[in-house]
Amino acid sequence: MHRRAAALAVPLTAIALAVSSCSSLPEDWRTPAFLRMNDDTLDSRLPQVTGDVGEEPEIAFPDIEPPDEEISGVVSKGAGEDALVGADDLVIANVVQYQWTAPGEGEPVEGQSSYENGAPDLIRMDQMPEYITETLVSQPIGSRAVYVFPALTEEEKAQAESMGQPAPEGASVLVIDMVDRYSKGAVVPGEQTNDGGGDLPTVTQEGHSQPRIEVPDAEAPDELEVTPLIEGEGAEVEEGQQVIVQYTGVRWEADDNGENEVFDSSWNQGGVPFDTTIGAGAVIEGWDEGIVGQKVGSRVMLVVPGGLAYGESEEEAMGAPAGTLVFVVDVLGAYDNPPPPEQEQTEETAEDAGGDEVAEDPEESEE
């Protein structure tokens with residue numbers, strides 16, 4: 001239904017790959033911090049992490065050399081026993097990275113704190129390596145986990161640098177605070193107070209299943225039509241946020257058999273919630289205009305004319321569905337994206353911008 005670009009880069013994924021030098025950790029490095037006879041006992045080599053989940057953690061590094069094996073553990077267990085993380089969940093988490101450089105010494109990694117940049121990480125559990133997920137799966141939301149990854153070898157540092165990745169000194173430490181989760185088949189709560197109908201499609205949906213969209217035998221509207229079916233009670237979706245949704249789309253125009261077949265749906269992917277940036281051109285205009293301003297927890301029907309989708313004709317659509325499209329979208333969540341990285345000004349870029357003349361007015365510099 002829309003330009004299905006890859007989801008925004010998840011810092012956690014990048015960190016996990018960097019500390020393992022883009023490969024799997026050796027088996028003899030994978031030592032869980034929990035002693036299997038007593039899962040409440042943590043490895044004493046783990047850094048001490050304090051503070052409330054939901055706030056920037058405080059960390060103290062043990063007065064020992066960083067371990068030469070990967071260790072991990074849950075240092076604070078959440079209260080949400082009815083919301084345990086599943087192996088294929090989409091988890092919302094705050095992640096902070098540190099470097100453990102010497103006995104009792106360490107420091108945060110600049111730019112690698114979702115608390116600092118105000119944007120949580122979206123972690124697809126089924127896309128993460130086992131040495132990340134084995135500590136998180138079956139833990140309640142609100143839990144805090146800590147990971148220590150051994151320092152890179154000289155060979156691994158060279159490999160990372162050749163790929164343009166930083167090669168940090170010392171052991172890498174991750175603190176992951178799990179704040180929410182979205183499982184397969186997730187839908188917004190509540191019952192539909194509006195099914196559409198009349199000159200617009202009628203929508204029925206039973207429980208955790210793909211909605212049924214019945215298109216009337218009528219002319220499609222010329223303008224974007226946004227019809228709330230369930231009105232959520234969450235915050236309004238803002239332009240530039242990352243939204244998490246379930247969706248189904250059909251063409252208004254029926255096929256030769258008189259059917260309005262589904263051409264795209266998250267339910268066709270096993271009901272795995274879909275995430276994308278909204279209001280920034282990552283999806284069709286009808287989505288950008290129709291979803292921004294909706295409240296989290298809403299189910300909306302979007303009737304999108306071809307001019308706000310892929311085009312009115314098959315030629316314009318270039319293989320995508322042409323003409324008016326109908327979507328039913330459950331807005332499950334919305335989260336801020338991290339700010340774009342600041343670009344350092346080099347001598348070359350300064351010369352291109354006019355030598356030593358730098359605009360003092362911020363608005364001029366943006367122009």
Side-chain angles (χ1 to χ4, degrees), residues 3-31 47 59 61 65-72 90-102 105-136 145-176 242 275-277 280 282 335-350 352:
R3 294 193 295 277
R4 194 159 188 151
L8 294 183
V10 178
L12 174 62
T13 308
I15 294 168
L17 291 175
V19 297
S20 61
S21 190
C22 306
S23 63
S24 298
L25 285 175
E27 287 296 332
D28 57 0
W29 280 8
R30 298 182 185 177
T31 302
I59 187 168
F61 296 93
E65 290 289 341
D68 58 3
E69 60 182 349
E70 184 266 323
I71 58 176
S72 62
L90 171 59
V91 173
I92 311 301
N94 286 307
V95 181
V96 187
Q97 184 185 9
Y98 305 86
Q99 287 305 123
W100 183 356
T101 53
E105 297 181 8
E107 58 187 12
V109 177
E110 184 178 356
Q112 293 296 342
S113 169
S114 53
Y115 284 111
E116 184 178 312
N117 63 36
D121 291 82
L122 276 61
I123 305 172
R124 291 197 176 274
M125 297 295 286
D126 60 356
Q127 296 178 11
M128 298 303 296
E130 183 180 356
Y131 56 85
I132 293 288
T133 61
E134 65 181 357
T135 300
L136 302 180
V146 179
Y147 296 80
V148 177
F149 299 95
L152 301 181
T153 65
E154 292 303 317
E155 181 180 353
E156 289 168 337
K157 289 179 182 179
Q159 181 183 357
E161 290 172 350
S162 69
M163 299 176 66
Q165 295 180 334
E169 295 294 332
S172 292
V173 178
L174 288 183
V175 177
I176 301 179
Q242 189 93 331
D275 65 275
T276 187
T277 298
Y335 300 90
D336 289 342
N337 270 314
E342 295 182 2
Q343 294 185 350
E344 296 184 7
Q345 190 177 39
T346 63
E347 288 186 17
E348 184 176 341
T349 57
D352 291 342

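- Evaluation of the salt bridge (Lys or Arg N to Asp or Glu O under 4.0 Å) test over residues 108-119, restricted to residues two or more places apart or in two chains, returns none.
- Remark: Thr135 OG1 to Ile71 CD1 distance equals 10.5 Å, nearest 0.5 Å.
- Across Pro66 and Trp100, no two heavy atoms sit closer than the pair CG-O, 3.5 Å.
- Side-chain contact between Pro47 and Val148 is present, with heavy atoms from C-beta onward closer than 4.5 Å.
- Partners of Glu107 under the salt bridge (charged side-chain N to carboxylate O under 4.0 Å, His left out) rule, at least two apart in sequence or in another chain, do not exist in this structure.
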Go through the steps for Gln165 and Gln159 under the test side chain to side chain contact (heavy atoms under 4.5 Å, CB included), then give the verdict.
CA-CA 9 Å; Gln165 295 180 334; Gln159 181 183 357; over 6 Å; no
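- For Thr133, the side-chain hydrogen bond (donor to acceptor under 3.5 Å, both in side chains) test picks out no residue, with sequence neighbours left out.
- The side chain to side chain contact (heavy atoms under 4.5 Å, CB included) search around Glu161 returns Ala167, not counting sequence neighbours.
- Under the 4.5 Å side-chain criterion, counting only non-hydrogen atoms from C-beta, Glu69 is not in contact with Pro150.
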Please test Phe61 against Thr101 for side chain to side chain contact (heavy atoms under 4.5 Å, CB included), starting from the C-alpha separation and ending with a verdict.
CA-CA 9 Å; Phe61 296 93; Thr101 53; over 6 Å; no
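- Residues satisfying the side-chain hydrogen bond (donor to acceptor under 3.5 Å, both in side chains) criterion with Asp336, sequence neighbours excluded, are Gln241.
- Taking both residues in full, the closest heavy atoms of Ala93 and Ser114 are given as O-OG, 4.2 Å, listed atom of the first, atom of the second, then distance.
- For the atom pair CD of Gln242 and OG1 of Thr277, the computed distance is 4.0 Å after rounding to the nearest 0.5 Å.
- A donor and an acceptor atom, one from each side chain of Gln99 and Ser172, are located under 3.5 Å apart.
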Mind running side chain to side chain contact (heavy atoms under 4.5 Å, CB included) on Tyr147 and Leu136 for me, showing each step along the way?
CA-CA 11 Å; Tyr147 296 80; Leu136 302 180; 3.3 Å; yes
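- Applying the side chain to side chain contact (heavy atoms under 4.5 Å, CB included) rule to Pro120 yields the partners Ile92, Asn94, Tyr335; only residues at least two apart in sequence or on another chain are considered.
- Put simply, CD on Gln112 and CG on Asp121 are 8.5 Å apart, with the number rounded to the nearest 0.5 Å.
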